[in-house]
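Written out below as structure tokens is the structure these notes cover.
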Amino acid sequence: ISDLFRRDLNGTRTTFNGLPAVVYPPLPGVGQTFSQISYVFFDGAAYELDCQWTAQHEAVIKKACREMKSTIKHRS
């Protein structure tokens with residue numbers, strides 16, 4: 001992630017429904033967009049979640065991203 005945004009970034013370890021995850025702080029993207037990248041780890045793989053928004057739609061997109069993260073579950 002640091003190479004992608006050309007700056008040192010430190011993710012925060014967390015979990016999504018008990019699955020290990022890393023969340024990076026929101027960063028400016030192209031134009032007037034912002035991007036928050038997260039990784040969740042399960043089944044031997046890392047899955048990237050990239051939530052992107054503009055100021056106009058920030059609240060709606062952030063809510064959708066929280067809902068998306070809350071649905072990630074390991075198959076039982």
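Atoms considered below: every heavy atom in the structure, side chains included; atoms not considered: hydrogens, waters and symmetry mates.
- Atom CG in Asn17 sits 12.0 Å away from atom NZ in Lys69 (nearest 0.5 Å).
- In this structure, CD1 on Ile37 lies 7.5 Å from CD on Gln52, to the nearest 0.5 angstrom.
- If you take CG on Asn10 and OH on Tyr24, they are separated by 8.0 Å, rounding to the nearest 0.5 Å.
- Across Thr15 and Pro20, no two heavy atoms sit closer than the pair CG2-CA, 4.3 Å.
- Nearest approach of Tyr47 to Phe42, heavy atoms of both residues: CE1-O, 3.6 Å.
- With rounding to the nearest 0.5 Å, the separation of CZ in Phe16 from OH in Tyr39 is 12.0 Å.
- Note: Lys63 NZ to Cys51 SG = 14.0 Å, rounded to the nearest 0.5 Å.
- Heavy-atom minimum distance, Gly11 versus Val22: CA-CG1, 3.7 Å.
- Expressed to the nearest 0.5 Å, how far CD of Gln56 lies from CD of Gln32 amounts to 10.5 Å.
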Derivation of the side chain to side chain contact (heavy atoms under 4.5 Å, CB included) call for Val23 and Ser38: CA-CA 4 Å; Val23 177; Ser38 304; 3.7 Å; yes
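- In terms of the side-chain contact (heavy atoms from CB on, under 4.5 Å) criterion, residue partners of Ile61 (sequence neighbours excluded) are, by chain and number, Trp53, His57, Cys65.
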